[in-house]
Amino acid sequence: MFDRFTKGCCNSHLKAFVILVVFSLHFVQALNQKSPSALTVVESPESTVEDEGEETEIVEVVQPTHLWQTLKPGQGVPTGSHVRLNLQTGQREVRLGEEQLKYLGDKHRQVEDHQQAHSFSTQELKNALKKFKEGVELETEEEKKAKESLRSQFRPLEELKKDMAQLDLLVETDSQVMARLVAQFNSSSATLEERLKALLDLEYLVHQVDNAQNLVSMGGLRLVVESLNSTDHRMQENTAFVLGSALSSNPVVQVEAVDSGALQKLLTLLATPRPMAVKKKVLFAVAALLRHFPFAQNHFLKLGGLQVLGELFRSAGGGALRVRVVTMLYDMIMEKELISQTGLDIIPDTAHQERLRQYSQISLLPALAEQGWCSLVPELLDSPEHDWREKALRALLAMLRPCQGQFRQDRGLGATLGALREQYQELVVIETSLGEEGGYFGEILDLLDTLVLRLK
Ligand SMILES: *[C@@H]1O[C@H](CO)[C@@H](O)[C@H](O)[C@H]1NC(C)=O
Ligand SMILES: *[C@@H]1O[C@H](CO)[C@@H](O)[C@H](O)[C@H]1NC(C)=O
């Protein structure tokens, strides 16, 4: 995932410092404050540091600076230091903790007011030493020496800042990433390509329920819905894709999407000529919007959704869009059926009563018959795909109530069912001879038998 979001931003320096863990260690005994040297021997070490599964005694405490320095086995660090694992070298590295760095910054400003600074890094060094030596004055020679050696290690502050910015980037949270992507998508200076890319990155994130809800609260969902209006086909496709993924099993997003007029826009996209790729994603978004959301389903019917889907089915030729449309309708029928059935088993509570009431207002089956679906769905049986035929059969069974009369009179359907039965009886014989009782073809044959029986 990091790969995805740090791509294009990383120089080789950052790659050399891919950091798995940045953490503070709080286990080392207070360092000996009397010693003027940078390294201090701890006289009776009880704390230990883990090194590749082994416990190593701490024999030295390293005095951290601004710079990352490598920790050798047996070296410990003062409380509050930052320790990280360098994945390239497999070694631990230490530097001053955030608090201490901040302290340095403040002290630096005060000192500068009083005396001429030799250089920024020298002042920092002085303060670092003061902080850790707590008032112990250094011998001039030693001070000079220490300064010189540390100064040679100092990198320019700008470089340091860059490092820290990159560190921040690595630990960017999902919501930070999303805020960045939404800003990029909303930016008037971003190119179309950049905006399309931002959408795809968002799509990846909104599969997580929390992220999708975050998108709602940061106003990103409304932006996405508005962009369904774009005249660019790829923009239509990508916005519908983000929307569909954010909507999936996410009631908060579903409510917001209906509220921002997404359904009307999606249906408009479906009803007008578009490339197949756009229609597929739009249909995906519509299905996700309606699932387990009777309010939206009712709205869908009122907006003429079934008619739009009918046009889509007719214009889709033999394409996969037809089976998707039928599957979506089947899911809606079954959803309502299941709700009414579970009502028989459970102790009714008010939420369930309300759900029942909402579903009862959706007259999906009569509307399907009215819109000609009793003759449309049988067309799917002509497909050579077993899977498509299976879905068509299930849908036909689910639509029996309003369509039974029409099915019985449909000679074409009768002939198709007869031919398919023969075909699947043969396939079941083969299936059984291969040792597979109750296999997939057996399942399809059962559906055929049931349907034929119900149409007698
Ligand atoms: C998008 O940009 C407009 C204008 O710059 C701004 O008013 C709006 O708040 C932005 N929306 C989001 C969700 O960032
Ligand atoms: C987007 O399209 C809808 C119709 O679907 C229209 O009412 C609305 O004004 C359009 N918005 C923009 C910003 O073009």
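Atoms within a ligand are numbered from 1 in the order they appear, just like the ligands themselves.
- Scored by the ring-ring contact (aromatic ring centres under 6.0 Å, His included) test, H207 finds no partners at all (sequence neighbours excluded).
- Sorted by first and then second residue, the disulfide (SG to SG under 2.5 Å) pairs with a member in residues 362-395 read C374-C403; sequence neighbours excluded.
- For the 3.5 Å distance criterion, the side chains of N250 and Q213 qualify, holding a donor opposite an acceptor.
- In terms of modelled atom types and a separation under 3.5 Å, the side chain of R389 and the main chain of S383 share a donor-acceptor contact.
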Pairs under 3.5 Å, nitrogen or oxygen of ligand 1 with protein nitrogen or oxygen:
{"from": "ligand 1", "atom 1": "2 (O)", "to": "N186", "atom 2": "OD1", "distance (Å)": "3.3"}
{"from": "ligand 1", "atom 1": "2 (O)", "to": "N186", "atom 2": "ND2", "distance (Å)": "2.3"}
{"from": "ligand 1", "atom 1": "11 (N)", "to": "N186", "atom 2": "ND2", "distance (Å)": "2.8"}
{"from": "ligand 1", "atom 1": "14 (O)", "to": "N186", "atom 2": "ND2", "distance (Å)": "3.4"}

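- At a threshold of 4.0 Å, the pair R314-E379 does not count as salt-bridged, since none of the basic side-chain nitrogens sits closer than that to a carboxylate oxygen.
- With sequence neighbours left out, Q297 forms a side-chain hydrogen bond (donor to acceptor under 3.5 Å, both in side chains) with E335.
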